[in-house]
Student: 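The structure that follows is given in the form of structure tokens.
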Amino acid sequence: MNLVLQAIPSTIISEIIAHSNFEGVVLDTEHGLFNNSDLFNCIQVIQLSGKKCLVRVTNLDKKLVRLCLDTGVDGLIFSTVENKKQGNEIIEYCHYPSKGGKRGQGIVRENRWGNISFGKTTPIIIAQIETKEGVKNIKQIKSCGFDYFILGPYDLSASLGCVAEWNNKIYLDYINKIYNNISKDKLGIFLPRENDITNFDSYDKFSILIIGIDTLIISESLKKIYQLNENNQSRNIGHR
């Protein structure tokens, strides 16, 4: 599954990404500026465009998570999961009692305002592993019942004291611990920058790729356009 991260709270951005070749959008409430209305509206636009919509949250903020679940998101990504207790609380809150959880039931968009069966949907619940502590406890976190695990390479390398040093032995040792404990069909990675695609060429190890952020896509595109313009002007000056 190939996804793009959206940080700008705009339904226009959601629609543009949803009409690309990517399979879906991850709305980022961790670093983005979404309010409840923005979030609800963007989820609607993405799903009504026929694409998957996931939301990344910083922690188990019950009000925010309930909003996402009631809106009918396809999945939730929980940032910085580091231990089994944290993982169990997340799974318990997101699942209905029929699935072993404690999630409450409302007449909401998730059940088409009461027009489809209650308590039937099961969104994808994903743990983002991005710290030394998270990797240390990966076996215990795995036992909690998450559907997938997302590797956050920048934060992980930062927690190990070697930010973006992709060939650093310490970093590679921790990456291998993840590979050895999580199978390919359960593992994903977040690659925010364009050149990350060349730094991480072992895509056969991942079933989910979150590639790019709307803010960076816009800023990098502007740089390229400006550089093309500069080059064109230089050529014109040389021909005078």
Side-chain angles (χ1 to χ4, degrees), residues 1-81 89-96 99 101-128 146-150 152 188 190-192 207-218:
M1 182 161 51
N2 295 316
L3 309 166
V4 176
L5 194 75
Q6 178 182 338
I8 302 171
S10 165
T11 54
I12 296 173
I13 297 292
S14 296
E15 189 171 25
I16 290 170
I17 300 174
H19 282 89
S20 71
N21 291 328
F22 285 88
E23 296 171 66
V25 185
V26 178
L27 301 175
D28 188 21
T29 68
E30 181 178 11
H31 298 295
L33 300 173
F34 292 89
N35 61 34
N36 288 351
S37 294
D38 293 332
L39 194 59
F40 190 97
N41 293 337
C42 288
I43 292 169
Q44 283 185 307
V45 166
I46 293 163
Q47 291 184 325
L48 292 173
S49 298
K51 295 297 178 73
K52 298 289 185 184
C53 181
L54 287 76
V55 177
R56 182 168 75 167
V57 297
T58 306
N59 53 37
L60 184 55
D61 178 330
K62 293 185 176 181
K63 184 176 181 180
L64 176 60
V65 171
R66 185 185 300 115
L67 168 69
C68 294
L69 293 171
D70 286 350
T71 308
V73 291
D74 295 288
L76 283 164
I77 300 172
F78 287 86
S79 174
T80 322
V81 178
E89 288 175 350
I90 290 169
I91 295 298
E92 184 178 71
Y93 189 79
C94 293
H95 286 176
Y96 284 116
K99 303 288 185 180
K102 294 184 178 180
R103 179 181 170 187
Q105 180 67 68
I107 299 177
V108 291
R109 182 175 184 271
E110 177 241 10
N111 50 61
R112 302 297 181 265
W113 317 108
N115 287 309
I116 62 175
S117 300
F118 293 120
K120 298 296 183 181
T121 60
T122 306
I124 298 168
I125 307 300
I126 301 173
Q128 187 161 330
F146 285 99
D147 298 295
Y148 294 94
F149 299 85
I150 296 288
F190 173 41
L191 305 174
S207 60
I208 297 178
L209 296 175
I210 304 175
I211 306 176
I213 308 172
D214 54 357
T215 51
L216 283 176
I217 291 169
I218 293 171

Student: Does the side chain of Val55 come within less than 4.5 Å of Ile43's, by heavy atoms?
Tutor: yes
Student: As a quick check of understanding, evaluate side-chain contact (heavy atoms from CB on, under 4.5 Å) for Leu39 and Thr29, giving each step before the final call.
Tutor: CA-CA 9 Å; Leu39 194 59; Thr29 68; 4.0 Å; yes
Student: Evaluate the side-chain proximity of Leu5 to Pro192: yes if any heavy-atom separation is below 4.5 Å, no if none is.
Tutor: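 The answer is no; the side chains never approach within 4.5 Å.
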Student: Among residues at least two apart in sequence or on other chains, which ones pass salt bridge (Lys or Arg N to Asp or Glu O under 4.0 Å) with Lys102?
Tutor: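 In terms of salt bridge (Lys or Arg N to Asp or Glu O under 4.0 Å), with neighbours along the sequence ignored, Lys102 is linked to Glu92.
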Student: Using modelled atom types only, decide if a donor and an acceptor are shared between the side chain of Asn115 and the backbone of Arg112 within a distance under 3.5 Å.
Tutor: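 Between the backbone of Arg112 and the side chain of Asn115 there is a qualifying donor-acceptor contact (under 3.5 Å).
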Student: Are side-chain heavy atoms of Ile126 and Phe149 found at a separation under 4.5 Å?
Tutor: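 Side-chain contact under 4.5 Å: no.
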Student: Check the surroundings of atom CD1 in Ile116: do more than 12 heavy atoms from other residues, nucleotides or ligands lie under 6.0 Å from it?
Tutor: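 Yes, because the 6.0 Å sphere around CD1 of Ile116 holds more than 12 heavy atoms from other groups.
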Student: Could you tell me whether Arg66 and Glu110 make a salt bridge, using a distance below 4.0 angstrom between a side-chain N and a carboxylate O?
Tutor: no
Student: May I ask you to say whether Glu30 pairs ionically with Arg56, meaning some side-chain N is under 4.0 Å from a carboxylate O?
Tutor: yes
Student: If only atom types and distance count, is the side chain of Tyr148 paired as donor or acceptor with the main-chain N or O of Ile208 below 3.5 Å?
Tutor: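 Checked: no pair found.
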Student: Go through Lys63 and Asp61 one step at a time and tell me if the side-chain contact (heavy atoms from CB on, under 4.5 Å) criterion holds.
Tutor: CA-CA 6 Å; Lys63 184 176 181 180; Asp61 178 330; 3.7 Å; yes
Student: Please check this pair: side chain of Asp214 against backbone of Ile8, looking for a donor-acceptor N/O pair closer than 3.5 Å.
Tutor: yes
Student: Quick one: does any side-chain atom of Asp70 pair with a main-chain N or O of Leu67 as donor and acceptor, under 3.5 Å?
Tutor: no
Student: How long is the span from the CD1 atom in Ile211 to the CG atom in Asn2, to the nearest 0.5 Å?
Tutor: 5.0 Å
Student: Checking the side chain of Lys51 only, and the main-chain atoms of Val45 only, is there a donor and an acceptor separated by less than 3.5 Å?
Tutor: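 Between the backbone of Val45 and the side chain of Lys51 there is no qualifying donor-acceptor contact (under 3.5 Å).
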Student: Mind checking whether Leu69 and Pro123 have side chains closer than 4.5 Å, heavy atoms only?
Tutor: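 Heavy-atom side-chain distance check passes, below 4.5 Å.
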Student: Give a yes or no answer on whether the side chain of Asp147 reaches the backbone of Ile125 with a donor-acceptor pair at less than 3.5 Å.
Tutor: yes
Student: One pair to check against side-chain contact (heavy atoms from CB on, under 4.5 Å): Leu60 and Val65. What are the steps and the verdict?
Tutor: CA-CA 7 Å; Leu60 184 55; Val65 171; 4.1 Å; yes
Student: Distance alone, cut at 3.5 Å: any donor-acceptor contact between the side chains of Asp74 and Gln47?
Tutor: yes
Student: Gln128 and side chain to side chain contact (heavy atoms under 4.5 Å, CB included): which partner among Thr80, Val81, Ile150?
Tutor: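 Testing each of Thr80, Val81, Ile150 against Gln128, the sole residue satisfying side chain to side chain contact (heavy atoms under 4.5 Å, CB included) is Ile150.
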Student: Report yes or no: does Arg109 contribute a side-chain atom to a donor-acceptor pair with the main-chain N or O of Val73 at less than 3.5 Å?
Tutor: no
Student: I want to check something: taking the side chain as every heavy atom from C-beta on, are Ile217 and Val4 in contact at a cut-off of under 4.5 Å?
Tutor: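 Touching, per the 4.5 Å side-chain cut-off.
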Student: CG/Leu54 to CD1/Ile210 distance, rounded to the nearest 0.5 angstrom?
Tutor: 7.5 Å
Student: Compare every heavy atom of Ser14 with every heavy atom of Gln6, then report the nearest pair and how far apart it is.
Tutor: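 Answer, listing the atom of Gln6 first, then Ser14: OE1-OG, 2.8 Å.
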Student: Does any part of the side chain of Thr121, heavy atoms only, come nearer than 4.5 Å to the side chain of Asn111, both counted from C-beta?
Tutor: no
Student: If we only count heavy atoms from C-beta on, is the Phe190 to Ile213 side-chain gap below 4.5 Å?
Tutor: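 Phe190 reaches Ile213 side chain to side chain.
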Student: How close do Val25 and Ala18 get, counting heavy atoms only, and between which atoms?
Tutor: CG2-N, 4.4 Å
Student: What is the distance from atom OG1 of Thr58 to atom CG of Asp28, rounded to the nearest 0.5 Å?
Tutor: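 Answer rounded to 0.5 Å: 7.5 Å.
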Student: Test side-chain hydrogen bond (donor to acceptor under 3.5 Å, both in side chains) on Glu15 and Ser49; report intermediate values, then the result.
Tutor: CA-CA 7 Å; Glu15 189 171 25; Ser49 298; 5.4 Å; no
Student: As a quick check of understanding, evaluate side-chain contact (heavy atoms from CB on, under 4.5 Å) for Phe118 and Ile107, giving each step before the final call.
Tutor: CA-CA 8 Å; Phe118 293 120; Ile107 299 177; 4.1 Å; yes
Student: Does the side chain of Arg103 come within less than 4.5 Å of Tyr93's, by heavy atoms?
Tutor: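 A side-chain contact under 4.5 Å is absent here.
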Student: Looking only at atom types and distance, does a side-chain atom of Glu23 sit under 3.5 Å from a main-chain N or O of Lys52, one as donor and one as acceptor?
Tutor: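 Checking the backbone N and O of Lys52 against the side chain of Glu23, no donor-acceptor pair under 3.5 Å is found.
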Student: Donor-acceptor pair, Asn59 side chain versus Phe78 backbone, under 3.5 Å?
Tutor: no
Student: Measure the CG-SG distance between Leu27 and Cys42 for me, rounded to the nearest 0.5 Å.
Tutor: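 It is 5.5 Å, given to the nearest 0.5 Å.
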